Amino acid sequence: EPDFWSLFQQSPEYLDDQPNPLDRWSERVISALANDFGADPIFPFGEPPFAPFFSGALRTNRIFESPLRLLVHDQNGLLVSFRGALACSVHIDLPSAPAPPCQSCHAPCKTACPVNSFINGFYNVIGCKTHIKDPGLDTANCLSQGCAARRACPVSEISVRKAKQSAFHMKA
């Protein structure tokens, strides 16, 4: 960010009308980076077994667990996702961790979901999908603008993510 979305929209994968454009783009770009760095690419999509992206993200010192039990980035809030990772054979020193963004937050994310998909610390995927698939139920514009709970995060509010980018992810 802030250039990801405009670059992705110009990619062959986005323009070719084939399924899973972001997965295919991610695989192409991250595999090329892995080749350049002598690393192995790892992806959160495809066939099991799946790599532990959640726990790996927490080890970056920039990502934390939110009250929703979703990942939250220190600068992009709940508008964070992982398209892949590089497995390297060398140790990389990481900067010290900033304060977790949720540490002093009043957690508006916990009450922003119009269908209470994050009650009791679990993500009600079925409730969420039902809500965004029914245009009559999409009272919080989750499908067209992105998840209301993610958007309610004060750090997400200052992120540069475009509504069309969030809508793309929600549709997928």
Side-chain angles (χ1 to χ4, degrees), residues 1-92 94-95 97 100-102 109 113 117-118 121-129 131-133 142-143 145-151 153 155-156 159-172:
E1 298 295 1
D3 299 321
F4 164 76
W5 185 243
S6 59
L7 292 171
F8 173 63
Q9 286 184 298
Q10 298 170 33
S11 73
E13 294 85 359
Y14 182 82
L15 298 170
D16 68 10
D17 290 325
Q18 297 299 309
N20 305 311
L22 189 53
D23 289 352
R24 292 182 295 114
W25 179 88
S26 299
E27 191 166 9
R28 177 176 60 84
V29 171
I30 293 168
S31 293
L33 285 169
N35 186 57
D36 290 348
F37 289 106
D40 293 319
I42 302 171
F43 301 99
F45 49 84
E47 298 295 319
F50 297 107
F53 273 81
F54 193 95
S55 60
L58 295 174
R59 293 176 57 201
T60 67
N61 290 344
R62 300 287 305 276
I63 305 290
F64 305 90
E65 186 173 341
S66 76
L68 301 180
R69 301 193 71 204
L70 299 175
L71 294 172
V72 59
H73 185 266
D74 67 324
Q75 294 179 1
N76 292 316
L78 289 169
L79 298 178
V80 62
S81 63
F82 291 88
R83 302 304 311 157
L86 303 180
C88 304
S89 60
V90 297
H91 176 78
I92 299 172
L94 298 175
C102 303
C109 60
C113 178
S117 287
F118 298 100
F122 295 99
Y123 178 29
N124 178 356
V125 177
I126 294 170
C128 176
K129 285 185 175 185
H131 175 73
I132 63 173
K133 286 183 178 182
C142 296
L143 185 58
Q145 303 205 13
C147 171
R150 289 180 187 266
R151 285 184 284 131
C153 170
V155 182
S156 296
S159 178
V160 294
R161 178 162 301 173
K162 296 168 179 58
K164 286 185 180 185
Q165 178 179 354
S166 291
F168 173 88
H169 287 291
M170 293 299 285
K171 184 178 178 188

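Keep in mind it's a predicted model, so treat the numbers as computed, not measured.
Phe53 pairs by the ring-ring contact (aromatic ring centres under 6.0 Å, His included) definition with nothing, not counting sequence neighbours. Not a single side chain to side chain donor-acceptor pair (under 3.5 Å) links Ser117 to another residue, sequence neighbours left out. Partners of Glu13 under the salt bridge (charged side-chain N to carboxylate O under 4.0 Å, His left out) rule, at least two apart in sequence or in another chain, are Arg28. In this structure Thr60 satisfies the side chain to side chain donor-acceptor pair (under 3.5 Å) test with no other residue, sequence neighbours excluded. Taking the side chain to side chain donor-acceptor pair (under 3.5 Å) definition, one finds that Trp5 meets it with Gln9, sequence neighbours left out. Taking the salt bridge (charged side-chain N to carboxylate O under 4.0 Å, His left out) definition, one finds that Asp16 meets it with Arg24, sequence neighbours left out. A search for side chain to side chain contact (heavy atoms under 4.5 Å, CB included) contacts involving Leu15 returns nothing, not counting sequence neighbours. For Glu27, there are no side chain to side chain donor-acceptor pair (under 3.5 Å) partners at least two apart in sequence or on another chain.
A distance-only check finds no donor-acceptor pair linking the side chain of Arg150 to the backbone of Ser156 [under 3.5 Å]. A donor-acceptor distance shorter than 3.5 angstrom exists from the side chain of Asn61 to the backbone of Pro95, with no hydrogens or angles considered.
How far CD of Glu65 is from CG of Leu70: 9.0 Å, rounded to the nearest 0.5 Å. Taken to the nearest 0.5 Å, the CG atom of Leu143 stands 9.5 Å off from the SG atom of Cys128. Here the straight-line distance linking atom SG of Cys88 with atom CZ of Phe37 works out to 8.0 Å at 0.5 Å rounding. With values rounded to the nearest 0.5 angstrom, Arg69 atom CZ is found 6.0 Å from Phe122 atom CZ. To the nearest 0.5 Å, the span separating SG on Cys147 from NE2 on His131 amounts to 9.0 Å.
Between Pro21 and Phe8 there is a side-chain heavy-atom pair separated by less than 4.5 Å.
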Please tabulate, for the side chains in residues 161-172, all donor-acceptor contacts under 3.5 angstrom to protein atoms that are two or more places apart in sequence or on a different chain.
unit_1	atom_1	unit_2	atom_2	d
Arg161	NH2	Leu79	O	3.4
Gln165	NE2	Glu1	OE2	3.1

Sequence neighbours left out, cut at 3.5 Å: what donor-acceptor pairs do the side chains of residues 38-50 make with other protein atoms?
none

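Within the structure, every pair that satisfies the salt bridge (Lys or Arg N to Asp or Glu O under 4.0 Å) test and touches residues 77-91, not counting sequence neighbours, is listed here: Asp23-Arg83. Within the structure, no pair that satisfies the salt bridge (Lys or Arg N to Asp or Glu O under 4.0 Å) test touches residues 51-60, not counting sequence neighbours.
Taking all atoms of both residues into account, the shortest heavy-atom contact from Pro67 to Cys102 is CD-SG, 3.5 Å. The minimum heavy-atom distance linking Ala57 with Ile63 is given by the pair O-CB, 3.3 Å.
Exactly one of Val155, Leu71, Asp74, Val72 qualifies for a side chain to side chain contact (heavy atoms under 4.5 Å, CB included) with Val80. That residue is Leu71.
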